[in-house]
Amino acid sequence: MSVPGPSSPDGALTRPPYCLEAGEPMPGTQNQVVLLDTLEQEISKFKECHSMLDINALFAEAKHYHAKLVNIRKEMLMLHEKTSKLKKRALKLQQKRQKEELEREQQREKEFEREKQLTARPAKRM
């Protein structure tokens, strides 16, 4: 359907159609404008609704990953506590071994001194 009236080579109207010159609206033009406005409003509502769904999905995903991070943090704290306890225990065991080794060395020295004193010595001449 073509619109009556002269047009330029690019398709734009150079002057209004004959019925607009007379002051009469084109038949159905007002209904088309209302229909287009309504359609644009519905499209914008649909886009807004669709973007809200995307936002809700992003929030749900963020909540999921936040829960994962909280669990990882708890696990890391628990592992830190365990490693601290193990380090303390290892230090105590090392100190205990060193103490036992020192006691054994002291015992060997005592036994060596005792044997040294028990060994026969030549009598001194007076």
Side-chain angles (χ1 to χ4, degrees):
M1 177 172 128
S2 64
V3 177
S7 63
S8 65
D10 62 354
L13 292 176
T14 55
R15 64 184 174 93
Y18 67 90
C19 58
L20 291 179
E21 289 177 343
E24 299 174 16
M26 289 181 63
T29 304
Q30 189 65 26
N31 290 340
Q32 288 176 348
V33 170
V34 170
L35 184 62
L36 283 175
D37 286 343
T38 306
L39 186 60
E40 286 176 6
Q41 288 174 1
E42 290 298 318
I43 289 172
S44 67
K45 285 180 186 178
F46 177 75
K47 286 180 181 178
E48 185 179 320
C49 213
H50 190 65
S51 67
M52 289 298 288
L53 290 175
D54 290 344
I55 291 172
N56 287 337
L58 287 174
F59 273 114
E61 191 174 357
K63 187 177 180 180
H64 172 72
Y65 284 114
H66 180 264
K68 275 188 165 185
L69 285 172
V70 167
N71 287 337
I72 289 171
R73 185 168 188 257
K74 285 180 185 177
E75 191 173 331
M76 286 177 64
L77 288 173
M78 181 187 67
L79 290 173
H80 177 71
E81 288 176 13
K82 283 184 176 182
T83 54
S84 296
K85 287 178 183 178
L86 285 173
K87 284 179 182 178
K88 285 181 183 179
R89 184 173 175 218
L91 182 62
K92 285 182 182 180
L93 287 172
Q94 184 181 10
Q95 290 172 343
K96 183 180 176 184
R97 273 192 239 122
Q98 287 175 346
K99 183 180 177 184
E100 289 173 354
E101 191 176 320
L102 181 64
E103 288 174 355
R104 280 194 299 267
E105 185 64 32
Q106 289 173 347
Q107 186 66 29
R108 275 186 247 148
E109 285 180 16
K110 283 182 185 179
E111 288 176 14
F112 179 73
E113 283 295 320
R114 185 170 174 239
E115 284 186 25
K116 190 176 176 183
Q117 288 177 358
L118 291 176
T119 53
R121 289 184 227 150
K124 291 183 182 179
R125 293 187 188 179
M126 287 201 203

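FYI, the numbering just counts along the sequence from 1.
Distance check: L39 CG to I43 CD1 gives 4.0 Å after rounding to the nearest 0.5 Å. For the atom pair CD of Q107 and CD of E109, the computed distance is 10.5 Å after rounding to the nearest 0.5 Å. Distance check, rounded to the nearest 0.5 Å: NZ of K87 to OG1 of T83 gives 5.5 Å. Interatomic distance, L36 CG to Q41 CD, rounded to the nearest 0.5 Å: 11.5 Å. The structure places CE of M52 at 9.0 Å from CZ of F59, a figure rounded to the nearest 0.5 Å. Distance check: T38 OG1 to E42 CD gives 7.5 Å after rounding to the nearest 0.5 Å.
Between L69 and R73 there is no side-chain heavy-atom pair separated by less than 4.5 Å. Within the 4.5 Å cutoff, no side-chain heavy atoms of Q98 are placed close to those of L102.
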Open item on the list: Could you walk me through whether N71 and E75 satisfy the side chain to side chain contact (heavy atoms under 4.5 Å, CB included) test, starting with their C-alpha distance in whole Å, then the side-chain angles of each, then the deciding distance to 0.1 Å, before giving a yes or no?
Closed with: CA-CA 6 Å; N71 287 337; E75 191 173 331; over 6 Å; no
TODO: Using the side chain to side chain contact (heavy atoms under 4.5 Å, CB included) rule, take K110 and R114 through it: C-alpha gap first, then chi angles, then the decisive distance, then the call.
DONE: CA-CA 6 Å; K110 283 182 185 179; R114 185 170 174 239; over 6 Å; no
TODO: Run the numbers on R108 and E105 for salt bridge (charged side-chain N to carboxylate O under 4.0 Å, His left out), then give the verdict.
DONE: CA-CA 5 Å; R108 275 186 247 148; E105 185 64 32; 3.2 Å; yes
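Crowding of M78 atom CE: a count of heavy atoms from other residues, nucleotides or ligands under 6.0 Å exceeding 12. Atom CD of E48 is surrounded by 12 or fewer heavy atoms from other residues, nucleotides or ligands within 6.0 Å.
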